[in-house]
Amino acid sequence: MKTAVKKPQKLQQKLYLYFLILPISILAFFAIFFYQYIDRILISREKTALAAVNEAMQQDVEDGISRLDDTSAGINYYNIKTNFFEDSSDLVLKNNEDLSGSIIALNGTSMKADQINIYALDGYGAEFGTITKNISIDPNYSVWFQQAIAARGAKLVGRPYLTRRYSLSGGKADWYVSVYRAAVNRNGRCVGVIETVRRCRILFQSLNASENKEADPVTCVFDEDGNLIYPYDAGDDMAADCREFFKLYREKKGDSGEFRMPSSGEKYTFTCSEGRDSGWTFLTVQKNSVILKPLRLFSATLLAMVGAALVATILMSKRLARSMIRPIKHLKHIVQRLNLSTLGKEKTADYRTPYEELDELYAEFEKMNRSLQASLKELEASRQLETRARAYALQAQMNPHFYYNSLSCISILAEDGMTDEAVRMCRSLSDIMRYITNGTEAIVPLREEIEYIRKYMYCMKIRYQDSLDYSIDIDEKLYEEQIPKLIIQPVVENAVKYGTDCLPPWKITIRSRSDADGWMIEVVDSGNGFPDDRLKEIRAKIASADINDRTLLDNLKIGGLGLVNVYLRWTMYCRKGSLFEIGNTEEGHHAYVRIGRKTDPGEKDTDGADGLKTEQSAENGL
């Protein structure tokens, strides 16, 4: 079993590690321990504080309920002495003028209740306070009335309700809480119901004052059935949160603790107590994020200090390592810049290092550089000879059928007496032969290749007559571009061959496109386009073709010149700057081949881009 080779570390990283690992470990241990310790202390203290706040607010509310209960008990005692409940007519204020003064006196100067209402068993009664008048209700449809009678003298605390009943001159509605008690005579028989009313904003005054700030605890009050009592005017969202608090509190089954809200994920600390008079549950909660805010501020400060310490440590280690790392990085950058064009130009002999070992490394690199430069010159000479041999071999592959067909056309023209056309075609064919057989020029201007193609297409026009049409429109700015000889002609020949595999008329379009990034010659035929499987095959061969494959010449065959060989010749000439595309047009699905070259960044023309040109050639009239 092979042992994995451990990858060496960078020297600078090693120094950073030694300088950072100890202080980071100490600070991390201290920060985690301190955070956990202070977290428990703050939560414990907050529970104690919340319990005190909850108890104080509960006491205020309970005292208010107790005063309402005391007032109703006093009125009941007054009834036992006077029997004013015995006849509902006694409750009519005009028949019993002393009743109002007695009720108000029982309420006291401190106004224990904002409103006192008394009802006989038949529903007739009177109300005293802000509004003083006779009233009547239907006892059979008043739930609280029936519940108070059933309680037989025990108090009944109602839920907050919103009403305008006690507002003067049609004022705005307000929230109230009522305490009910059945009135009994001296024989213990129920004779009516006493209702003492208090405004919620006065009864819950201490709770309202404690929630003026966002960071203050939230207190919720619920009755024995879990109905929300306070906040009495809560909106839907607040009421939903309070009910969720109550549900989670009941699941915890304790006077204090912590729970997490499922909807928001926020963690809360709570404390709870039961009211002795009202029977209500007082639940006070506080966000842990508020409780732990001082700790988090301290942690942020500590983190900033750790960051500053890390920066200082990095700077110190960087300064210490620079003297050792800088010479190595200098040599690394030289190696990165090293390529065939810069070989032998990088000088390291004049660079002085502070260490003898690095001086020896630089000297060996200089020696290697000179050796590579000498080897490169020999390789370039050999490569140029090989590349030229490949170009000539590819250039020599020309389809002889073109010449046979051209000679046949000349013969037919001569037999038909079309001597002028025969002479012109002979001259064109002679120029074509001269252009092909001239072995002194492997690289020619684009102008000569296009002129050759014009003559070639003229010969094809003579052959196919009206069945074939063509257009050649090349931007004159591209005429001086240097290209390998016979690089575009095979593409045009391929377009003629496969673009005439359908019913005439046929059309061959040769046009140019150029912009600041490069130029391109496009050849489009009017045939049926590349079959999908053939197009995939050609693209796969192009993708796998290797211009450095030394068996390339052995694999080429006479008559086998195709798009792959054109791609190889063009790529050998342009290297990374070559452009070569094949495919079918979106409209008509005709075949197209594009060959071009990217512009060197230092040679980009800023004149703008030229669009594709499709004007008819003058020779199309032949």
Side-chain angles (χ1 to χ4, degrees), residues 387 390-391 394-395 397-399 435-436 441-454 456-457 470-499 507-527 529-530 534-535 537-547 552 556 560-585 590-600 603 605 609-614 617:
T387 301
R390 291 189 186 189
L394 291 171
Q395 178 180 327
Q397 298 183 42
M398 189 67 183
N399 191 347
Y435 181 74
I436 293 175
E441 296 179 355
I443 306 300
V444 298
L446 179 62
R447 181 195 328 103
E448 294 186 12
E449 182 83 357
I450 295 301
E451 186 61 29
Y452 162 77
I453 291 173
R454 291 183 192 276
Y456 173 80
M457 290 304 300
Y470 69 94
S471 66
I472 301 176
D473 200 348
I474 306 298
D475 190 349
E476 293 183 358
K477 296 179 182 178
L478 304 178
Y479 276 168
E480 298 307 317
E481 291 288 339
Q482 298 294 309
I483 62 172
K485 182 189 291 186
L486 297 177
I487 195 66
I488 300 177
Q489 186 276 338
V491 177
V492 176
E493 182 180 354
N494 193 73
V496 173
K497 179 179 179 181
Y498 294 103
K507 176 67 179 291
I508 306 297
T509 303
I510 305 167
R511 53 192 175 185
S512 68
R513 180 174 61 190
S514 63
D515 55 29
D517 295 324
W519 58 269
M520 185 176 287
I521 304 298
E522 182 181 56
V523 180
V524 183
D525 63 49
S526 60
F530 291 103
R534 180 58 177 163
L535 186 60
E537 180 184 356
I538 296 174
R539 285 175 173 171
K541 288 183 178 181
I542 289 175
S544 61
D546 184 6
I547 62 174
L552 178 63
L556 295 179
L561 181 62
L563 296 178
V564 176
N565 290 344
V566 173
Y567 165 77
L568 287 171
R569 285 190 63 202
W570 185 241
T571 306
M572 281 171 25
Y573 176 71
C574 296
R575 295 290 174 176
K576 294 182 179 181
S578 65
L579 297 172
F580 192 83
E581 301 174 6
I582 65 170
N584 295 324
T585 61
H590 307 310
Y592 70 81
V593 178
R594 297 168 184 159
I595 182 170
R597 186 175 188 178
K598 298 177 184 178
T599 302
D600 187 8
E603 300 176 356
D605 189 2
D610 295 331
L612 289 174
K613 302 179 179 181
T614 58
S617 170

So, does [X] use its side chain to make a donor-acceptor pair with the main chain of [Y] at under 3.5 Å?
X: Y573; Y: Q482; result: yes
X: E581; Y: I595; result: no
X: D515; Y: G518; result: yes
X: S514; Y: W519; result: no
X: E449; Y: K485; result: no
X: R597; Y: E481; result: no
X: H590; Y: G527; result: yes

Query raised in the report: If you count the non-hydrogen atoms of other residues, nucleotides and ligands that lie under 6.0 Å from OH in Y592, is the total more than 12?
Result: yes
Report task. Please lay out, stage by stage, how M457 and I508 fare under the test side-chain contact (heavy atoms from CB on, under 4.5 Å). Result -> CA-CA 9 Å; M457 290 304 300; I508 306 297; 4.1 Å; yes
Report task. Return the set of residues passing ring-ring contact (aromatic ring centres under 6.0 Å, His included) with F530 (not counting sequence neighbours), or none when no residue passes. Result -> none
Minimum heavy-atom distance [X]-[Y], with the two atoms named:
X: S512; Y: L478; result: CB-CD1, 3.8 Å
X: L486; Y: R569; result: O-NH1, 3.0 Å
X: T571; Y: S578; result: OG1-OG, 3.9 Å
X: V566; Y: P490; result: CG2-CB, 3.7 Å

Requested in this report: Evaluate the side-chain proximity of I582 to R539: yes if any heavy-atom separation is below 4.5 Å, no if none is.
Outcome: yes
Requested in this report: Please lay out, stage by stage, how E537 and K541 fare under the test salt bridge (charged side-chain N to carboxylate O under 4.0 Å, His left out).
Outcome: CA-CA 6 Å; E537 180 184 356; K541 288 183 178 181; 3.4 Å; yes
Query raised in the report: Do the numbers put R454 on top of the ring of Y452, so that NZ or CZ is under 6.0 Å from the six-membered ring centre and no more than 45° off the axis?
Result: no
